[in-house]
Amino acid sequence: MAANNRRMSGKKGAQVGSGGKRRRALEGKGPTPPAEMRKGHAKQRAAQAKSRRATGRPQPKGRGGRSAAELVVGRNPVVEALREGVPASTLYVQQFIDNDERVREALQLAAERGGINLMEAPRPELDRMTNGLNHQGLVLQVPPYEYAHPEDLADAAYDEGEDPLIVALDGVTDPRNLGAVVRSVSAFGGHGVVVPERRAAGMTAGAWKTSAGTAARTPVARATNLTRALEAYKKAGIVVVGLAADGEVEVDQLEALEGPVVIVVGSEGKGLSRLVGETCDFRVRIPMPGGAESLNAGVAAGVVLYEAARRRA
């Protein structure tokens with residue numbers, strides 16, 4: 001009898017009742033939600049942007065990561081950085097320093113700005129902090145820069161009802177060129193700058209100074225892989241335009257500048273890298289009757305941004 005029970009217990013068959021599972025499965029998931037409630041939909045992004053503006057909440061920042069903290073060393077560099085509004089968290093002053101005009105101006109600028117800690121430190125401590133550089137008794141600490149994500153730049157433009165106008169830099173390693181591009185983007189109504197994470201200039205104190213304060217209102221995004229970031233822009237309907245001396249189209253003939261566009265600027269001399277050049281929808285050239293072979297990144301970006309702004313006016 002026990003053996004018979006074991007055989008019966010292993011026998012497969014219909015269970016008594018389903019607990020309502022079959023009936024619920026037939027009911028479906030209900031009507032399709034409106035566009036404003038569907039994740040990732042353009043109308044949902046617009047509704048979220050409207051809500052942010054109504055509540056005064058800032059848009060999310062920092063999805064592109066943070067740079068390392070930086071030190072500005074020496075009396076003249078520190079004073080110049082404070083004059084140009086470079087972000088700073090702490091001003092270190094050497095104990096028993098000779099109180100000349102530059103030291104007094106640095107202390108005055110730091111006090112007037114507010115939010116900058118003043119720290120007195122012995123010379124050996126400043127030598128250790130700067131790895132033995134000639135700090136002349138003044139060291140300014142620049143906090144890490146909060147990079148945006150490349151998607152943030154396009155989203156912010158669409159949230160404002162505008163077509164994205166973005167500049168991407170390929171192989172530009174001079175922070176002063178980055179600062180000049182940021183300044184041009186701000187001047188001509190652009191929505192930000194994209195830089196690669198490696199082998200490229202970042203938002204250092206030098207870039208801040210060259211931007212002449214515009215870096216405070218023009219976001220810089222950092223891409224782990226620039227080619228993939230450009231491909232993502234293309235999938236989102238944004239035209240990618242690369243500047244090249246041998247481009248097929250002259251910049252004043254490019255109608256794509258009237259719509260959503262990313263302008264890619266390469267390094268002076270080398271130009272665009274192969275993969276980035278192949279990713280571009282158009283390769284355009286800037287006519288130069290004077291015979292110059294190339295322009296630096298800041299000037300080249302400014303020329304194309306002016307043309308884009310002129311067409312959009």
Side-chain angles (χ1 to χ4, degrees), residues 61-148 169 171-183 193-224 267-269 296-298:
K61 292 179 62 180
R63 291 203 300 143
R66 304 175 72 191
S67 63
E70 182 186 1
L71 297 178
V72 178
V73 177
R75 298 189 184 187
N76 284 338
V78 166
V79 170
E80 291 173 5
L82 289 169
R83 284 175 181 169
E84 296 296 335
V86 174
S89 56
T90 306
L91 175 62
Y92 294 93
V93 183
Q94 180 182 314
Q95 289 177 341
F96 313 116
I97 190 174
D98 293 334
N99 194 6
D100 68 2
E101 183 179 348
R102 292 169 298 174
V103 174
R104 289 192 295 272
E105 184 176 0
L107 292 170
Q108 181 180 352
L109 290 170
E112 289 175 351
R113 187 192 297 186
I116 300 178
N117 298 317
L118 297 177
M119 300 288 292
E120 191 176 39
R123 176 166 186 145
E125 177 64 15
L126 296 183
D127 291 342
R128 184 194 63 79
M129 288 174 55
T130 61
N131 291 321
L133 294 176
N134 184 21
H135 51 74
Q136 299 175 309
L138 286 184
V139 177
L140 186 68
Q141 186 172 46
V142 179
Y145 182 79
E146 293 278 357
Y147 289 96
L169 301 182
V172 174
T173 57
D174 189 339
R176 293 170 296 182
N177 273 335
L178 171 57
V181 170
V182 169
R183 188 173 182 176
V193 181
V194 180
V195 297
E197 187 174 334
R198 291 182 288 273
R199 295 186 293 277
M203 283 306 298
T204 63
W208 271 95
K209 286 169 59 179
T210 311
S211 77
T214 59
R217 57 181 181 271
T218 302
V220 176
R222 190 163 62 177
T224 305
S267 62
E268 187 176 357
N296 68 36

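Each residue takes its place number in the sequence, starting with 1.
Interatomic distance, Asn296 CG to Asp174 CG, rounded to the nearest 0.5 Å: 9.0 Å. If you take CD on Glu125 and CD on Gln94, they are separated by 11.5 Å, rounding to the nearest 0.5 Å. Leu140 contributes atom CG, which lies 10.0 Å from atom OH of Tyr92 (distance to the nearest 0.5 angstrom). Between the CZ atom in Arg123 and the CZ atom in Arg128 there is a gap of 15.0 Å [rounded to 0.5 Å]. In this structure, Asn76 CG and Gln136 CD are separated by 7.0 Å, a value rounded to the nearest 0.5 Å.
Here the closest non-hydrogen pair linking Arg113 and Ala88 is NH1-N, 3.7 Å. Annotation for Val181 and Gly298: closest pair CG2-CA, 3.8 Å, computed over non-hydrogen atoms. The nearest pair of heavy atoms linking Val194 to Ala223 is CG1-CB, 4.1 Å. Heavy atoms only, all atoms of each residue included: Ser89 and Pro143 are closest at N-CD, 3.9 Å. Between Ala106 and Leu82, the shortest heavy-atom distance links the atoms O-CD1, 3.6 Å. Scanning both residues, Ala216 and Trp208, for their nearest heavy atoms gives N-CZ3, 3.6 Å.
Listed by first then second residue, pairs satisfying salt bridge (charged side-chain N to carboxylate O under 4.0 Å, His left out) with a partner in residues 198-220 read Glu80-Lys209, not counting sequence neighbours. Evaluation of the ring-ring contact (aromatic ring centres under 6.0 Å, His included) test over residues 125-145, restricted to residues two or more places apart or in two chains, returns Tyr145-Tyr147. For residues 67-76, the set of pairs meeting the salt bridge (charged side-chain N to carboxylate O under 4.0 Å, His left out) definition, not counting sequence neighbours, comprises Arg75-Asp100.
In this structure Gln108 satisfies the side chain to side chain donor-acceptor pair (under 3.5 Å) test together with Glu112, sequence neighbours excluded. Not counting sequence neighbours, the partners of Glu105 by the salt bridge (Lys or Arg N to Asp or Glu O under 4.0 Å) test are Arg83. For Arg104, there are no salt bridge (Lys or Arg N to Asp or Glu O under 4.0 Å) partners at least two apart in sequence or on another chain.
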With side-chain contact (heavy atoms from CB on, under 4.5 Å) as the test, would you mind laying out the steps for Arg183 and Thr210 before giving the verdict? CA-CA 8 Å; Arg183 188 173 182 176; Thr210 311; over 6 Å; no
In sequence, state the C-alpha distance, the side-chain angles, and the governing distance for Leu71 and Leu133, and then conclude on side-chain contact (heavy atoms from CB on, under 4.5 Å). CA-CA 11 Å; Leu71 297 178; Leu133 294 176; over 6 Å; no
Chi angles and distances behind the side-chain contact (heavy atoms from CB on, under 4.5 Å) call for Leu107, Leu91: CA-CA 8 Å; Leu107 292 170; Leu91 175 62; 4.1 Å; yes
Please report the C-alpha distance between Val172 and Val195 in whole Å, then the side-chain angles of each, then the deciding distance to 0.1 Å, and finally whether the side-chain contact (heavy atoms from CB on, under 4.5 Å) criterion is met. CA-CA 8 Å; Val172 174; Val195 297; over 6 Å; no
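Between the side chain of Arg102 and the backbone N or O of Val79 there is no donor-acceptor pair closer than 3.5 Å.
Contact annotation: the side chain of Val72 never approaches that of Val86 to less than 4.5 Å [non-hydrogen atoms, C-beta and beyond].
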